[in-house]
Amino acid sequence: MTSELIEKSKKHLWLPFTQMKDYDENPLIIESGEGIKVKDVYGKEYYDGFSSVWLNVHGHRKQELDDAIKRQLEKIAHSTLLGMTNVPATELAEKLVNISPKNLTRVFYSDSGAEAVEIALKMAFQYWKNVGKPEKQKFISMKNGYHGDTIGAVSIGSIDLFHHVYGPLMFESFKAPIPYVYRSESQDPCVCRDECLQALEQLLEEHHQTIAALSIESIVQGASGIIVMPEGFLSGVRELCTKYEVLLIVDEVATGFGRTGKMFACEHENVQPDLMAAGKGITGGYLPIAVTFATERIYEAFYDDYSNMKTFFHGHSYTGNQLGCAVALENLRLFEVEDIVERVAEKSESLKQLLNTLYELPHVGDVRQLGFMCGIELVQSKETRQPFLPDKRIGYKVSLKMRELGMLTRPLGDVIVLMPPLASTLEDLKEMIGIIKQAITEVTSRVLQ
């Protein structure tokens, strides 16, 4: 039956962000999970080293989350949010506003991080139209940025590998530089930060009259390689957006809900966004719920008599789904009673020490970390920072070796990602770092022989 299932997957499935030829050569089907480990159809266990793509909080089969879904299922699974609401969606909105930056007072539900960003773009665009400044239609996004895979999110993205093929479908946006300290000429965080802020201010000075909003990932650029911004960069961006009357959209889809040691990463610099997208960890990694937060000022620009046509015409069938909102409510309760954010902040210090031991390896060029978001950049030469040739696929080969050793992750090029569930213990983290170290050593020594 197991081999039959593998063949079915090869015959019928088309997996996301996957070259299916790679999958056919190295198929994997997960059957179950317990705690921070998952098990495949052959019974082999793996550490969930990337939190099932950056979203698992408490581990798999958390009893309280399972029970929350069962309780809601005994009442109703779903009803629409178009023109009405439901109990868990209403209660969750209040909870979310209470834990978010204080100027964010409104919650708009969706199903994925990409859609949450798409909603923020449409809100920003229509906001200026509603307040009588329809000329403000353009967007600024950051180089190396990633916000999801819908057309609007792709249009403000800037990772050529993912986005260039869709160029004819995309709207144009201004691209501003982002500090990538390891790859900068100076390798000085302050110099790199200030140069990028100066370039952004010049762009805003020239074009602010036509710019609706600037979108930016919060402190950490995820898909481009876990690039951690120098201290003061995000707050500097906030100041410039305020100065030039441009809305700030902060993408907290990957960084939100405790992942960086704060409930939301923008709290590290006390940044108050105008719009904020969040998802992934909102349900503890159980069900697809995402949200777009907005300020009251933005909300009020849409509030009018229907005949004035200021309504925000956006929504999807499962928006505000009761099962998802119910498990999200229980997830947030667990955040409180188990002190999840505080524990992540504490464990992050020990994780940093463990990660630093990777510098002992001859092909680890840079290790970047904020909380439980970690990226290990592999290079051919430490001295020159020379990368491996792309066709060697070092990161991919290391991830396959890690799978063999009992841990799952997905690399970003030659950046090895460690994004463990927030419930991981120090012993778990030591085990995972050990697997990463062994896999990097074996693969790089073999390739360079």
Side-chain angles (χ1 to χ4, degrees), residues 81 93 96-97 100-131 133-134 136-142 145-158 163 170-176 210-223 234 237-238 240-242 245-257 264-266 271-282 288-303 310-316 319-320:
L81 225 64
L96 290 170
V97 167
S100 68
K102 66 179 185 297
N103 68 326
L104 300 173
T105 61
R106 295 287 171 168
V107 170
F108 195 101
Y109 288 110
S110 58
D111 310 333
S112 70
E115 191 189 341
V117 170
E118 197 95 7
I119 289 164
L121 297 177
K122 291 175 71 174
M123 283 180 174
F125 179 90
Q126 190 175 342
Y127 167 79
W128 292 113
K129 183 177 184 295
N130 285 1
V131 299
K133 293 187 177 182
K136 291 175 77 69
Q137 299 182 2
K138 303 288 186 181
F139 292 89
I140 295 177
S141 54
M142 313 310 290
Y146 174 83
H147 298 282
D149 304 310
T150 54
I151 293 301
V154 167
S155 296
I156 59 165
S158 188
H163 298 150
M170 294 154 55
F171 62 75
E172 290 186 6
S173 64
F174 296 103
K175 299 293 190 287
T210 63
I211 294 172
L214 177 150
S215 62
I216 186 170
E217 291 161 89
S218 191
I219 308 288
V220 184
Q221 283 192 311
L234 185 62
V237 171
R238 170 69 276 183
L240 290 174
C241 286
T242 301
E245 203 177 2
V246 166
L247 298 179
L248 176 63
I249 300 170
V250 171
D251 183 347
E252 291 268 5
V253 173
T255 54
F257 298 101
F264 297 102
C266 61
V271 166
Q272 297 283 327
D274 298 298
L275 293 158
M276 187 172 84
K280 289 194 182 290
I282 190 171
I289 293 285
V291 293
T292 305
F293 293 91
T295 64
E296 199 68 14
R297 176 174 68 118
I298 290 175
Y299 173 80
E300 287 174 353
F302 292 77
Y303 192 88
K310 291 185 177 181
T311 302
F312 185 57
F313 291 108
H314 188 102
H316 285 259
T319 297

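We number each residue from 1, following the sequence as shown.
- With no hydrogens or angles considered, a side-chain donor-acceptor pair links H147 and D251 at under 3.5 Å.
- For Q221, the side chain to side chain contact (heavy atoms under 4.5 Å, CB included) partners at least two apart in sequence or on another chain are M142, N144, I178, E217, S224, I227, M229.
- Applying the side chain to side chain contact (heavy atoms under 4.5 Å, CB included) test to Y299 and every residue at least two apart in sequence or in another chain returns R106, E296, Y303.
- For K310, the salt bridge (charged side-chain N to carboxylate O under 4.0 Å, His left out) partners are D304, not counting sequence neighbours.
- Shown here for L247 and I298, the closest heavy-atom pair between the two residues is CD1-CD1, 4.2 Å.
- Scanning for side chain to side chain donor-acceptor pair (under 3.5 Å) contacts around S173 gives S141, K175, with sequence neighbours left out.
- By the side chain to side chain contact (heavy atoms under 4.5 Å, CB included) test, T242 is found to be paired with R238, residues two or more places apart in sequence or in another chain being considered.
- For T292 against A116, the heavy-atom pair with the smallest separation is OG1-O, 2.8 Å.
- In this structure T150 satisfies the side chain to side chain donor-acceptor pair (under 3.5 Å) test together with E118, sequence neighbours excluded.
- Every residue two or more places apart in sequence or in another chain was checked for a ring-ring contact (aromatic ring centres under 6.0 Å, His included) with Y109, and none qualifies.
- The heavy-atom pair separating H163 from G145 by the smallest distance is CE1-O, 3.9 Å.
- In this view, K129 satisfies the salt bridge (charged side-chain N to carboxylate O under 4.0 Å, His left out) rule with no residue, not counting sequence neighbours.
- Partners of F312 under the ring-ring contact (aromatic ring centres under 6.0 Å, His included) rule, at least two apart in sequence or in another chain, are F108, F302, H314.
- The salt bridge (charged side-chain N to carboxylate O under 4.0 Å, His left out) test applied to E300 returns no partner, not counting sequence neighbours.
- Partners of A265 according to the side chain to side chain contact (heavy atoms under 4.5 Å, CB included) rule, which considers only residues two or more places apart in sequence or in another chain, are S218, I219, E252, T255, T260, H268.
- Looking at residues two or more places apart in sequence or on another chain, you find no ring-ring contact (aromatic ring centres under 6.0 Å, His included) involving Y127.
- Checked for salt-bridge contact, K133 and E245 meet the test: a charged N lies under 4.0 Å from a carboxylate O.
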